[in-house]
Student: 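Here's a structure for you.
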Amino acid sequence: MKPQLGTCYYPEHWPQDQWLDDAKRMVDLGLKIVRVGEFAWSRFEPKPGKLDFSWMDNAVDILGSQGLKVVMCTPTATPPRWMLDKHPDMLAADADGQIRKFGSRRHYCFSHQAYRDESVRIARIISEHYRTHEAIVAWQIDNEYSCHDTVRSYSVAAGLAFQHWLQNKYQTIDALNQAWGNVFWSMEYAEFEQVELPNQTVTEANPTHWLDFYRFSSDQVIAYNAAQVQAIREHTPAPLIHNYMGRIVDFDHYKLGDDLDIASWDSYPLGFLVDRTDATPEWKKRFERQGDPDLQAFHHDLYRAVGKGRWWVMEQQPGPVNWAPNNPAPLPGMVRLWTMEAIAHEAEAVCYFRWRQAPFAQEQMHAGLLRPDSAPSAVFEEVEQTARDISSLGDVKTQQAKVAIIFDYESGWAWEAQPQGEDYDNFALCLEFYRSLRRNGLTVDVLPATVDSLDAYQLVLAPSLLSWPSALMQALQSFSGIAVLGPRAGSKTDNLSIPMNLPPAIPGFECKVSYVETFPAGSERPIEGGGAVRTWLETVETSEQILERTSDGTPLLLAKGNLHYLTGWPDQSAMTRIVAKLAVQAGLETLSMPEGVRRRCTASHEFVFNHNAEAMEFDGQTLAACEVRIRSLV
Ligand code: GAL
């Protein structure tokens, strides 16, 4: 695979006589891909039914004339103002019942059927119009589903759609009452029309009510997207893409990805470090201008799984953004490092957001590759160098990793509905486990819980799964590598009740959770072998081998042959130590990585990244601050 670079371009923001010059400069810079159109509905259709493609035709012709490949988008993340006059009730409502108004973006409720029809209509019209344009190589549908907390809507439309969804799922109201345990607190319903959304109750609503609402909300996104997919596929065989966002977990990306051809995500490492990690203030300070050393990589591996091997970075931060609490500039070298890191994780393309900084409106403080006056921005030369480096890299050959971690969206919703301890967060737990693998120098695949064979792997972690899908449990039973299950895995039924044989409910594994404790930061329980348990600890009855205990004797890591079960959430130092031991047992080669230095191997290259602001020693060599070391393995 030969990775390519690109950018996000808004011809509607600039005078037409600038477009040719822009296209030429993109080519000179070494870019190959340009994404357009994702917010341009008010220009495509200035009045209902009055369409104007002439300007975009011109833009796409110009980009194509310079040999650039275009990703065309459906503009459905920004319905124009007139849409509200047609469908005043299309807006989403927040959990307090407040309507989320027009005036920014993503102002629609996924459950509003008439808006869904409008989205399909515009997707059909645009894809028909551009179906034969040679420059258009792919389509992006909508923009960042769920960004700005837009998946879970508490509107009237959502309430009605939820009732239908429940009826479809349970068929009878008795089945729903049984599944949710509604005999508790006299919550039994006589008919589906009585079931409301779970917000604004006096005290906590039934957790299964919440979980079903979360499942429903995810399904609404998938159905909305699928409707556009169908419309576009009527006209073009070009690959379909969506640009997911970082740490967005409120819809099932794997399911949505099944309907698309390529996954992509939008990578803003400096903003994410501040507002999407649970890192300590010291960690945030240390990586303030580099971003978290594992967060991007985790998403890269996740989206490689979502795209079944095909994935891009659709938007890459190129300088200070405008939306984090504070917005530093990346250290020199970091934009190159982020780009190379995506390529090391087998990205087909990395596109910088955006070509030119806008001098107006919400994002005028957001850097681009050009300044508003069209002069090169601070990062321009670094991108030029990166493009040269990539062209001399040769083919990046992909390969399956030997280590995998299972990450499941639905389990995250279950623990959101019933966290039991305020710090219990599925994403944070999986990211920490992933980090401990990377601190051992391991190359990792992320897998969905629907996986039915683990045979290709030597070490698999399955933390925090709601229940055991039967295919996964069968795969585990015949697995010959080392499996580490838990904590909290298999602790509920699909209806979010405690299984009567008690968790972790692993067939043949003699262990029953008697009770669970959760505790806040500062109350960690030391482990005999080093490190501590944080947040979550189970007390179990077991006759299996005990490999690790807390210093008061509570069993922490149990084993039966190659199957291991963790009863608690080990902190970073404990988990890194445990992983190191088990990886060696699994026959893997581990490396103790200096903090902030990370490594990934493809079939053709070894990439080493120094995310630190200072030089680090690794492997007998000095890595400069923000340096990337690439070694050919072929
Ligand atoms: C993304 C979004 C872009 C732009 C960017 C700014 O979330 O897709 O349209 O807003 O953030 O960083």
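By convention here, the first residue in the shown sequence is residue 1.
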Student: Enter the distance from His300:NE2 to Leu302:CG here, rounded to the nearest 0.5 Å.
Tutor: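 Answer for the NE2-CG pair, His300 versus Leu302, is 11.5 Å.
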
Student: What pairs meet the salt bridge (Lys or Arg N to Asp or Glu O under 4.0 Å) rule with one or both residues in residues 124-138, with sequence neighbours excluded?
Tutor: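 Found Arg124-Glu234.
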
Student: Shortest non-hydrogen contact from Ser604 to Asp395?
Tutor: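 For Ser604 versus Asp395, the nearest heavy atoms are OG-O, 3.4 Å.
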
Student: Between Phe609 and Phe607, how do the two ring planes meet: parallel, tilted or perpendicular, split at 30° and 60°?
Tutor: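 Phe609 vs Phe607 ring planes: parallel.
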
Student: Distance check, rounded to the nearest 0.5 Å: Thr78 atom OG1 versus Arg105 atom CZ?
Tutor: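 Rounded to the nearest 0.5 Å, the OG1-CZ separation comes out at 9.0 Å.
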
Student: What residues, two or more places apart in sequence or in another chain, satisfy side-chain hydrogen bond (donor to acceptor under 3.5 Å, both in side chains) together with Gln400?
Tutor: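 side-chain hydrogen bond (donor to acceptor under 3.5 Å, both in side chains) check on Gln400 returns Tyr457.
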
Student: Applying side-chain hydrogen bond (donor to acceptor under 3.5 Å, both in side chains) to Ser411 and Asn426, what does each step give before you reach the verdict?
Tutor: CA-CA 7 Å; Ser411 301; Asn426 186 57; 5.7 Å; no

Student: Sequence neighbours excluded and cut-off under 3.5 Å, please list the side-chain donor-acceptor pairs for residues 341-349, or say none.
Tutor:
unit_1: Glu341; atom_1: OE2; unit_2: His611; atom_2: NE2; d: 3.4
unit_1: His345; atom_1: ND1; unit_2: Asp301; atom_2: OD1; d: 2.7
unit_1: His345; atom_1: ND1; unit_2: Arg600; atom_2: NE; d: 3.4
unit_1: Glu346; atom_1: OE2; unit_2: Gln399; atom_2: N; d: 3.3
unit_1: Glu346; atom_1: OE2; unit_2: Arg600; atom_2: NH1; d: 3.3
unit_1: Glu348; atom_1: OE1; unit_2: Arg310; atom_2: NE; d: 3.4
unit_1: Glu348; atom_1: OE1; unit_2: Arg310; atom_2: NH2; d: 3.0
unit_1: Glu348; atom_1: OE1; unit_2: Trp312; atom_2: NE1; d: 3.2
unit_1: Glu348; atom_1: OE2; unit_2: Arg310; atom_2: NE; d: 2.8

Student: Can you see which heavy atom on Gln316 is nearest to which on Ser267, and at what distance?
Tutor: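 In terms of heavy atoms, the two residues are closest at NE2-O, 3.4 Å.
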
Student: Working to the nearest 0.5 Å, report the span between NZ of Lys308 and CG of Asp261.
Tutor: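 Going from NZ on Lys308 over to CG on Asp261, the span is 10.0 Å.
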
Student: Please name the pair of heavy atoms, one in Trp338 and one in Pro269, separated by the smallest distance, quoted to 0.1 Å.
Tutor: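 Looking at all heavy atoms of both residues, the closest pair is CE2-CG, 3.3 Å.
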
Student: Can you list the residues that meet the ring-ring contact (aromatic ring centres under 6.0 Å, His included) rule with Phe298, with sequence neighbours excluded?
Tutor: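 Listed in chain order: Phe407, Phe427, Tyr434.
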
Student: Salt bridge (Lys or Arg N to Asp or Glu O under 4.0 Å): which pairs involve residues 242-251, sequence neighbours left out?
Tutor: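 Those involving residues 242-251 are Arg247-Asp278, Arg247-Asp425.
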
Student: Any salt bridge (Lys or Arg N to Asp or Glu O under 4.0 Å) pairs touching residues 443-457, not counting sequence neighbours?
Tutor: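 Every pair satisfying salt bridge (Lys or Arg N to Asp or Glu O under 4.0 Å) with a residue in residues 443-457: Arg304-Asp445.
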
Student: Take Asn143 and Glu315, measure what side chain to side chain contact (heavy atoms under 4.5 Å, CB included) needs, and give me the verdict at the end.
Tutor: CA-CA 11 Å; Asn143 190 79; Glu315 298 180 14; 3.8 Å; yes

Student: Which value, rounded to the nearest 0.5 Å, describes the distance between Met340 atom CE and Asp389 atom CG?
Tutor: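 Spacing of CE (Met340) from CG (Asp389) equals 4.5 Å.
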
Student: Between the side chain of Gln474 and the main-chain N/O of Leu476, is any donor-acceptor distance below 3.5 Å?
Tutor: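 Not at all, since once roles are kept as given, no pair shorter than 3.5 Å links the two residues.
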
Student: How about Glu381 and Pro376: do any of their side-chain heavy atoms sit closer than 4.5 Å?
Tutor: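 Answer no - side chains too far apart.
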
Student: Is a salt bridge present between Asp619 and Arg629, judged by a nitrogen-to-oxygen distance below 4.0 Å?
Tutor: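 Looking at Asp619 and Arg629, the cut-off is met.
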
Student: Give a yes or no on whether Gln230 atom CD has more than 12 heavy-atom contacts from other residues, nucleotides or ligands under 6.0 Å away.
Tutor: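 Incorrect, the count does not exceed 12.
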
Student: Looking at the rings of Phe287 and Trp283, which for Trp means the six-membered one, are their centres under 6.0 Å apart?
Tutor: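 Centroid separation for Phe287 and Trp283: below 6.0 Å.
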
Student: Could you go step by step and tell me if Val379 and Leu369 meet the side chain to side chain contact (heavy atoms under 4.5 Å, CB included) rule?
Tutor: CA-CA 6 Å; Val379 79; Leu369 298 181; 3.8 Å; yes

Student: When you look at Val460 and Phe479, which way does the side chain to side chain contact (heavy atoms under 4.5 Å, CB included) test go after all the steps?
Tutor: CA-CA 10 Å; Val460 172; Phe479 182 50; 3.6 Å; yes

Student: Could you tell me which residues satisfy salt bridge (charged side-chain N to carboxylate O under 4.0 Å, His left out) with Glu432, sequence neighbours excluded, listed by chain and number?
Tutor: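 Arg534.
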
Student: Taking Gly246's backbone N and O only, do any of them form a donor-acceptor pair with Arg276's side chain (distance below 3.5 Å, no angle check)?
Tutor: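 Present.
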
Student: Apply side-chain hydrogen bond (donor to acceptor under 3.5 Å, both in side chains) to residues Asn58 and Trp19 and explain how you reach the verdict.
Tutor: CA-CA 9 Å; Asn58 192 8; Trp19 297 351; over 6 Å; no

Student: Could you list the residues that satisfy salt bridge (charged side-chain N to carboxylate O under 4.0 Å, His left out) with Asp408, not counting sequence neighbours?
Tutor: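 Partners of Asp408 under the salt bridge (charged side-chain N to carboxylate O under 4.0 Å, His left out) test: none.
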
Student: Name the orientation class of the two ring planes belonging to His242 and Tyr145 (parallel below 30°, tilted from 30 to 60°, perpendicular beyond 60°).
Tutor: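 Plane angle under 30°, so parallel.
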
Student: Return the set of residues passing side-chain hydrogen bond (donor to acceptor under 3.5 Å, both in side chains) with Gln228 (not counting sequence neighbours), or none when no residue passes.
Tutor: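 With neighbours one apart ignored, the set is Thr74, Thr76, Tyr224.
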
Student: Is a side-chain donor or acceptor of Glu144 paired with a backbone partner of Met245 at a separation under 3.5 angstrom?
Tutor: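 Not a single qualifying donor-acceptor pair exists.
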
Student: Checking Phe380 now: which residues fulfil ring-ring contact (aromatic ring centres under 6.0 Å, His included) with it, not counting sequence neighbours?
Tutor: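 Phe380 satisfies ring-ring contact (aromatic ring centres under 6.0 Å, His included) with no other residue.
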
Student: Would a 4.5 Å heavy-atom cut-off, applied to side chains only, mark Val335 and Val383 as touching?
Tutor: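 When only atoms from C-beta onward are counted, Val383 and Val335 do touch, with a gap below 4.5 Å.
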
Student: Grab the two heavy atoms, one from Asp259 and one from Val229, that are nearest each other, plus how far apart they are.
Tutor: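 Closest approach of Asp259 to Val229: O-CG1, 3.7 Å.
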
Student: If the condition is side-chain hydrogen bond (donor to acceptor under 3.5 Å, both in side chains), which residues does Arg286 pass it with, not counting sequence neighbours?
Tutor: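 Arg286 satisfies side-chain hydrogen bond (donor to acceptor under 3.5 Å, both in side chains) with Asn612 only.
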
Student: So, Arg388 versus Gln385: side-chain donor-acceptor pair below 3.5 Å or not?
Tutor: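 Gln385 and Arg388 do have a side-chain donor-acceptor pair below 3.5 Å.
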
Student: State which residues pass side-chain hydrogen bond (donor to acceptor under 3.5 Å, both in side chains) with Ser436; sequence neighbours excluded, sorted by chain then number.
Tutor: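 Ser436 satisfies side-chain hydrogen bond (donor to acceptor under 3.5 Å, both in side chains) with no other residue.
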
Student: Looking at every non-hydrogen atom in both residues, tell me the closest pair between Leu331 and Ala613 and how far apart they are.
Tutor: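 So the two residues come closest at CD1-CB, 3.7 Å.
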
Student: Go through the steps to decide whether Asp275 and Trp323 satisfy the test side chain to side chain contact (heavy atoms under 4.5 Å, CB included), and finish with yes or no.
Tutor: CA-CA 10 Å; Asp275 79 356; Trp323 47 263; 3.8 Å; yes

Student: State, to 0.1 Å, how close Trp139 and Ser127 come at their nearest heavy-atom pair, and which atoms those are.
Tutor: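 Heavy atoms only, the tightest pair is CH2-CA, 3.4 Å.
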
Student: Going by atom types only, do His133 and Asp61 share a side-chain donor-acceptor pair under 3.5 Å?
Tutor: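 Distance-only check passes for His133 and Asp61.
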
Student: Is the ring pair Phe53/His129 parallel, tilted or perpendicular, if the boundaries are 30 and 60 degrees?
Tutor: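 The arrangement is parallel - the two ring planes meet at less than 30°.
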
Student: Does the gap between the ring centers of His299 and Tyr244 come in under 6.0 Å?
Tutor: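 No, the ring centres sit 6.0 Å or more apart.
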
Student: Would you please test Thr339 and Tyr352 for side-chain hydrogen bond (donor to acceptor under 3.5 Å, both in side chains) and show each step?
Tutor: CA-CA 9 Å; Thr339 308; Tyr352 299 99; 2.8 Å; yes

